[in-house]
**Q** 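Submitted below is the structure of interest, expressed as structure tokens.
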Amino acid sequence: MKNQEVAAVFSVMADMLAIQGENYHRIMAYRRAAENIATLGRPLEQAWQAGELESIPGIGKTLAAKIDELMRTGRLGVYEKLQSQVPAGVVDMLEIPDVGPKRAALFWNELGITSVGALEQAAREGSLRALPGMGARSEEKVLAGIEALKRRTGRTRLGVAWPLAHAMLEALGEVPGVVRAAPAGSLRRVRETVGDLDLLVAVEDAEPAGPEAARRVMARFRELPQVAEVLLSGTTKTSIRTHEGLQVDLRVLGSARWGTALQYFTGSQAHNIRLRGLALDQGLSLSEYGLKREDGTEILCASEEEVYAALGLPLIPPELREDRGEIEAALEGHLPELIEMEDLKGDLQFHTTWSDGHQSLLDMAQAARARGLKYALVTDHSHSLGVAQGLAVEDLRRQRAEIEEVNRRMGNTFRLLAGIEVEVLADGSLDFPDHVLAELDLVVAAVHTGLRQDREQVTARMLAAIRNPHVDIIAHPTGRLIGEREGADLDMELVFHAAADTGTVLEVNAHPSRLDLRDAHVRRAIELGVKLAISSDAHDVDGFAVLPMGVATARRGWAIAGDVVNAWSMEDLLGWFVQ
DNA sequence: GCCGTTTTCGGCCCGACTGTTTTCAGTCG
């Protein structure tokens, strides 16, 4: 069984136990296990075979035994028993905003409702308002929630969420009395998709100017053009839904509490729970408003550094805050010195008008240099990728002459390297003969077609490309498009081992629709000794702007500059591939 | 159900907002 399948079983079990009114902490144990399995980065089956299940955080004897049963039989007795007790439609109701386990159980037990459709009908008939704790307003909210559920499009990609958040923050930043405005939540942790947006605004601390400014911020927020519906609005918190159906939560606090607030609203929830536990161990209670001692006195933190320092920890970068070992590493003083955008010295994939790019070699080279890069590898498509007007062998040689001309014009401030994004064909062979590839500085190989091949076939094809002595880098290894298309069904463990053996570099494609390798794969690849390239895949001069998202994805995978070949000097980079 | 240089039992983060309530439960993050 795959990680996602096991995680889904535990997640649904958590929902069912919640509906049955089970102990809250037992439910949380199932949720934590599901989360950790889903983001493990290596096959759970492998950990199972190695007898290492209990080394996974949140997996103890009981859950390890359940995983064992799932792996051996594909079934889980206690899960099937729960399924016979709690109808699937009742679990589905938890997807509705403002319907949690208590209300789902209420609707089911009191009115015999076992589906979202039946719930909608009951709400329309006015039968929910008579239930204990319910009323006409609550009934309306259930209906509105069902409507929102029907419109919902799932998680929003980073490339969409990021500009939206910054547009809203810019407007809020103009309100008089605002001191700071920043994104928090999964956007600040730079997850590849976000479920909602969390925005944080600090106003001046003075009375009554601060509270007045806070009211102005809330009013301005409710009236932003992106807002379709105000879900709730109080003095510190307002939630809205955009026309696209994305929920945006805004919190406003005094700037003296900025550190605890930013820390808290950045999350993740699992990270925060651990942090609050650490605080309690030291006789402190941590909230978004500050640290409280047992005698009730407060410690205010204006910066996140102060929050972590108060708990005896160094600042943990937002990208690591997922409770995947970062707190232990911080306690032991072993936090990695994560790669930073400033470390990048070059780019190892971009396109020009020679194939499907929109600008010339010279324009692209100048744009890359303007972003502080020292070198870039030209990687137009090879000819079999007809949709991208791929290059034929003779085009490649003419392009080489132009590359050399651009290099002469740019002098010693910048260097273009001659490369190609060569197609890996259906049988694992490459689109160009070896002697052509041998003429290039570096060769990037990519699979664009036949991604649906079965696991064995597509993995064999990828391994053939990795083992080809002319191939230096594998572009966007899985080929996934976030929210649109699953990647190829590759055996990533085999891919990583092969890449480590041959020294073949795997790309972290920085485009927000790809981010491929993804964060969990980055971490596993590094563990196995694989080197990475963070590449823009730019098709125009603005395309280099995505590089920070690639860097952030690498950081989420605990990458340091030494793991990333384009954080090295050009000499070191080229030297790596001659070995 | 997990977890432990204060514990193998007894803890397990903390607060805002809403609606239905005369003091709080449910949901959410």
Side-chain angles (χ1 to χ4, degrees), chain A residues 10 13-14 17-19 21-36 53-67 78 93-107 128-142 144-145 184-187 189 194-200 214 218 230-240 247-253 257 260-261 263-292 311 323 327-328 331:
Chain A
F10 287 165
M13 285 181 76
L17 292 167
I19 289 164
E22 253 291 346
N23 175 282
Y24 172 78
H25 301 289
R26 184 169 173 232
I27 294 160
M28 289 299 288
Y30 275 90
R31 293 203 198 288
R32 176 152 190 258
E35 175 71 20
N36 287 338
L53 287 176
E54 289 183 51
S55 70
I56 299 168
I59 307 288
K61 276 206 181 349
T62 309
L63 286 176
K66 290 183 168 61
I67 294 169
V78 287
M93 288 183 212
L94 302 183
E95 295 291 312
I96 304 167
D98 295 313
V99 175
K102 295 290 198 310
R103 283 185 182 155
L106 181 73
F107 301 148
L128 302 186
R129 62 184 67 186
L131 293 169
M134 293 288 293
R137 291 279 299 138
S138 300
E139 194 175 67
E140 283 169 27
K141 286 184 102 171
V142 168
S186 48
L187 191 66
R189 303 200 310 279
V194 299
D196 58 22
L197 289 185
D198 289 292
L199 308 181
L200 190 61
M218 292 306 188
V230 176
L231 301 172
L232 56 88
S233 187
T235 56
T236 68
K237 173 178 174 179
T238 292
S239 295
I240 62 96
Q247 182 172 329
V248 185
D249 298 331
L250 169 70
R251 334 271 170 148
V252 182
L253 292 105
R257 303 178 192 270
T260 39
Q263 194 291 315
Y264 176 70
F265 292 118
T266 296
S268 66
Q269 192 175 27
H271 175 90
N272 284 357
I273 287 172
R274 291 291 312 280
L275 223 54
R276 289 180 175 205
L278 279 184
L280 284 177
D281 292 345
Q282 301 175 34
L284 297 166
S285 168
L286 173 63
S287 80
E288 56 265 51
Y289 298 101
L291 285 149
K292 204 177 278 182
L311 302 176
D323 190 21
I327 290 173
E328 289 76 6
L331 284 168

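Treat the numbers as computed from the prediction; the structure is a model and nothing was measured.
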**Q** Would dT20(B) be called syn or anti, given that syn covers angles within 90° of 0?
**A** anti
**Q** Looking at every strand, decide which applies to N23(A) at a 4.0 Å heavy-atom threshold: base, sugar-phosphate, or nothing.
**A** base
**Q** Taking the nucleotide of DNA chain B with the closest heavy atom to each, which residue, G277(A) or T238(A), is nearer the 5' end?
**A**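 Looking at DNA chain B, the more 5' nearest nucleotide goes with G277(A).
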**Q** Just by distance, no angles: are the side chains of D323(A) and Q269(A) close enough, under 3.5 Å, to form a donor-acceptor pair?
**A** no
**Q** Looking at residues at least two apart in the chain, or sitting in another chain, which of them share a side-chain hydrogen bond (donor to acceptor under 3.5 Å, both in side chains) with S285(A)?
**A**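 Result, side-chain hydrogen bond (donor to acceptor under 3.5 Å, both in side chains) vs S285(A): none returned.
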**Q** According to salt bridge (Lys or Arg N to Asp or Glu O under 4.0 Å), who are the partners of R189(A), at least two apart in sequence or on a separate chain?
**A**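 With sequence neighbours excluded, R189(A) shows a salt bridge (Lys or Arg N to Asp or Glu O under 4.0 Å) to E322(A), given in chain and number order.
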**Q** How would you label the contact of M134(A) with the nucleic acid (heavy atoms, under 4.0 Å): base, sugar-phosphate, or nothing?
**A** sugar-phosphate
**Q** Assign I59(A) to base, sugar-phosphate, or nothing according to its heavy-atom contacts below 4.0 angstrom with the strands shown.
**A** sugar-phosphate
**Q** Once side-chain hydrogen bond (donor to acceptor under 3.5 Å, both in side chains) is applied, do any residues pair with S239(A), and if so which ones, sequence neighbours excluded?
**A**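 Only D249(A) meet the side-chain hydrogen bond (donor to acceptor under 3.5 Å, both in side chains) criterion with S239(A).
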**Q** Heavy-atom nearest nucleotide on DNA chain B for P132(A) versus G100(A): which residue maps closer to 5'?
**A**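 Looking at DNA chain B, the more 5' nearest nucleotide goes with P132(A).
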**Q** Using atom P in both nucleotides, what's the gap between dG19(B) and dC13(B) to the nearest angstrom?
**A** 28 Å
**Q** If you look at every strand shown and take non-hydrogen atoms under 4.0 Å, does R26(A) touch a base, only sugar-phosphate, or nothing?
**A** base
**Q** Using both pair distances under 3.5 Å as the test, note the stems of at least 3 consecutive Watson-Crick or G-U pairs that include DNA chain B.
**A**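 So the stems come out as B:1-4 with B:9-12, B:14-19 with B:24-29.
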**Q** I'd like to check the side-chain contact (heavy atoms from CB on, under 4.5 Å) partners of A104(A); sequence neighbours left out, ordered by chain and number.
**A** V90(A), M93(A), L94(A), V99(A)
**Q** Within the 4.0 Å heavy-atom criterion, would you say D98(A) contacts the bases, only the backbone, or no part of the nucleic acid?
**A**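 Touches sugar-phosphate only.
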**Q** Using a cut-off of 4.0 Å on non-hydrogen atoms, how would the nucleic acid contact of A136(A) be classed: base, sugar-phosphate, or nothing?
**A** sugar-phosphate
**Q** How would you label the contact of L280(A) with the nucleic acid (heavy atoms, under 4.0 Å): base, sugar-phosphate, or nothing?
**A**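 Touches sugar-phosphate only.
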**Q** Report the residues that fulfil salt bridge (Lys or Arg N to Asp or Glu O under 4.0 Å) with E35(A), sequence neighbours left out, ordered by chain and then residue number.
**A** none
**Q** Hey, where on DNA chain B does chain A first and last touch, going 5' to 3'? Cut-off is any atom under 4.0 Å from a heavy atom.
**A** dG1(B) to dG29(B)
**Q** Tell me, please, which residues at least two apart from E328(A) pass side-chain hydrogen bond (donor to acceptor under 3.5 Å, both in side chains).
**A**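 Partners of E328(A) by the side-chain hydrogen bond (donor to acceptor under 3.5 Å, both in side chains) criterion, ordered by chain and then number, come out as R274(A).
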**Q** Using a heavy-atom cut-off of under 4.0 Å over every strand shown, decide if R103(A) touches base, sugar-phosphate, or nothing.
**A** sugar-phosphate
**Q** Just to be sure I understand the rule, does S239(A) reach a base, reach only the sugar-phosphate, or reach nothing, if contact means heavy atoms closer than 4.0 Å?
**A**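 It contacts nothing in the nucleic acid.
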**Q** Apply the test side chain to side chain contact (heavy atoms under 4.5 Å, CB included) to residues T236(A) and R251(A): give CA-CA distance (whole Å), side-chain angles for both, the deciding distance (0.1 Å), then the verdict.
**A** CA-CA 5 Å; T236(A) 68; R251(A) 334 271 170 148; 5.8 Å; no
**Q** Look at all strands and tell whether L253(A) reaches a base, only sugar-phosphate, or nothing, counting heavy atoms closer than 4.0 Å.
**A**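 Nothing: the residue L253(A), judged by heavy atoms under 4.0 Å, touches no strand.
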**Q** Quantified in whole Å, what is the C1' atom distance between nucleotide dG11(B) and nucleotide dT6(B)?
**A**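 To the nearest whole Å, 13 Å.
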**Q** List the residues meeting side-chain hydrogen bond (donor to acceptor under 3.5 Å, both in side chains) with E95(A), not counting sequence neighbours, and say none if there are none.
**A**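 For E95(A), the residues satisfying side-chain hydrogen bond (donor to acceptor under 3.5 Å, both in side chains) (neighbours in sequence not counted) are R152(A).
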**Q** When we call it a touch if two heavy atoms are under 4.0 Å apart, what does F265(A) touch: a base, just sugar-phosphate, or nothing?
**A**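 F265(A): no heavy atom of the nucleic acid under 4.0 Å.
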**Q** Sticking with atom P, work out how far dT21(B) lies from dT27(B), rounded to a whole angstrom.
**A** 15 Å
